[in-house]
Amino acid sequence: MSSLAAESQPTPSAVSKGLEGVVAAHTRLSDVRGDIGQLIYCGYDINELAGKVSYEEVVHLLFHNHLPNARELAELKKILAGYRELPQGVVDIITRFPKSCPPMHALRTGVSALGCYDTTADDDSMDAQRRKALRLIAQVPVLTAYFHRARQGLPLVAPDANLGEAANFLWMINGSQPSSEMTNTMDVCYVLHADHGMNASTFSARVTIATLSDMYSAITTAIGTLKGPLHGGANEGVIKMLQEIGSLEKVDAFIEGELLNKRKIMGIGHRVYKVLDPRAPHLKRMAQLLSAQLGDPRWIQMSERIASLMLEKKGLHANVDFYSATVYYSLGLPTDLFTPIFAIARTAGWTAHVLEQLADNRLIRPQSVYTGQAGLKWTPVADR
Ligand SMILES: CC(C)(COP(=O)(O)OP(=O)(O)OC[C@H]1O[C@@H](n2cnc3c(N)ncnc32)[C@H](O)[C@@H]1OP(=O)(O)O)[C@@H](O)C(=O)NCCC(=O)NCCS
């Protein structure tokens, strides 16, 4: 090995396992302040936005760096409503998946299929990229709803152009008009999930688009990354855990057992937040309200006990997935749609990051430290 090549090899101490602490990009979209528990979208603290602006306003904020005025908001809503319908070929594909297919698989494959039907899929002009981004924001919920209806053997419900994003999704999965309370809850959830700095799925979307691949490939990558239980898949894990525990009296023994066996408690802990995730109190409040209305306080009581035990025993706080699980459950949504709902909301952040990456692109290509063998000599297959 030449001395030049040897010098270019990274040292083992240069490795940050899980890329912890590595800064991978500049972004004007969102800031995650893990030390003080703050989340900012384009200059606005999340506490300034949650419950005050709609998801569509956040989409506009991420795409244009300012909150829309009434005309801009109406225009965006009209564009999104107009982009909802899927190509028939994609409807045929996603409605024929096996009923047992987990919705995140269906969504990932559905987004990939959308790329096959878009003749501008590889058009790299910024206008075309922006159109594809908005189309995906409008179509990801429709893919989810169509698949969900089809797997139950129910007729598909066409999108309603008079409804906003949150209400239209609830309409399309249930086939009935959602109450304004349900719609508002869902809308706040969308706002809270819309973007979150350089999280794993956003990073994967940026890696994919940085090769100058295409928007559909980037969002397909992101959905596959979100699906894992260490990322967006945790919200499903929370409800499964609560169901397994069953009652408040059993929480302490369950947590003790899990920690003893070195198992992770879903919805707890965060790579960046070392204090409370600022999204959690909003979701906790909604979960408390919904649980009281349902007259079944069991889920929120168990959740609160788990959160306080985990803080006490491990110094770990609840994250976004912890209380969102109870919110979605209380809204009567099926557990396996929790992560797709996260994906629906995060499509705003993913696509905005893709556009931002394209505006100042460089291939993302880290290195690794080789730990394998060296100097081996080839022998013919018969001699091995
Ligand atoms: C989010 C998460 C992946 C962050 O991981 P990370 O920064 O790589 O942290 P690590 O997994 O290395 O954990 C560090 C320590 O905290 C512990 N820990 C972290 N999260 C934990 C959890 N949810 N339950 C129990 N212990 C946990 C680890 O066991 C480890 O302990 P150790 O040092 O004694 O071995 C992790 O907290 C987790 O797996 N949480 C549960 C899944 C989840 O809710 N994901 C959604 C995130 S928004």
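We count ligands from 1, going down the list as the structure has it; atoms in each ligand are counted the same way.
In this structure, P229 has a heavy atom closer than 4.0 Å to ligand 1. Contact annotation: M310 has at least one heavy atom less than 4.0 Å from an atom of ligand 1.
Of the protein's heavy atoms, K264 NZ, 2.8 Å lies nearest to atom 11 (O) of ligand 1.
Inspection of the S125 and D127 side chains reveals no N or O donor paired with an N or O acceptor under 3.5 Å. For the residue pair E57/S54, the side-chain donor-acceptor check at 3.5 Å is satisfied. For the residue pair Y216 / D118, a side-chain donor-acceptor distance below 3.5 Å is found, with atom types taken as modelled. Side-chain atoms of S179 and E181 include no donor-acceptor pair closer than 3.5 Å. Side chains of D336 and H148: a donor-acceptor N/O pair is absent below 3.5 angstrom, by distance only.
Heavy-atom minimum distance, K99 versus A150: NZ-O, 4.0 Å.
Taking a 6.0 Å sphere around CD of E48, one finds it holds 12 or fewer heavy atoms contributed by other residues, nucleotides or ligands.
Side-chain atoms of D160 never come within 3.5 Å of backbone atoms of N168 as a donor-acceptor pair (strictly under, hydrogens ignored).
Of the candidates I255, L316, D277, V238, the one placing a heavy atom closest to atom 26 (N) of ligand 1 is L316. Of the candidates L230, D321, N235, it is L230 that places a heavy atom closest to atom 45 (N) of ligand 1.
Residue R263 places no N or O, backbone or side chain, under 3.5 Å from any N or O of ligand 1. Note: no N/O pair closer than 3.5 Å links L259 and ligand 1 by distance alone. Ligand 1 has a nitrogen or oxygen under 3.5 angstrom from a nitrogen or oxygen of I265.
The ligand atoms of ligand 1 that sit less than 4.0 angstrom from a heavy atom of A234 are 43 (C), 44 (O), 45 (N), 46 (C). For ligand 1, the atoms closer than 4.0 angstrom to any heavy atom of R271 are 4 (C), 6 (P), 7 (O), 8 (O). The contact set between ligand 1 and H231, taken as ligand atoms under 4.0 Å from a residue heavy atom, comprises 45 (N), 46 (C). Listed by number with element, the atoms of ligand 1 under 4.0 angstrom from any heavy atom of G267 are 43 (C), 44 (O).
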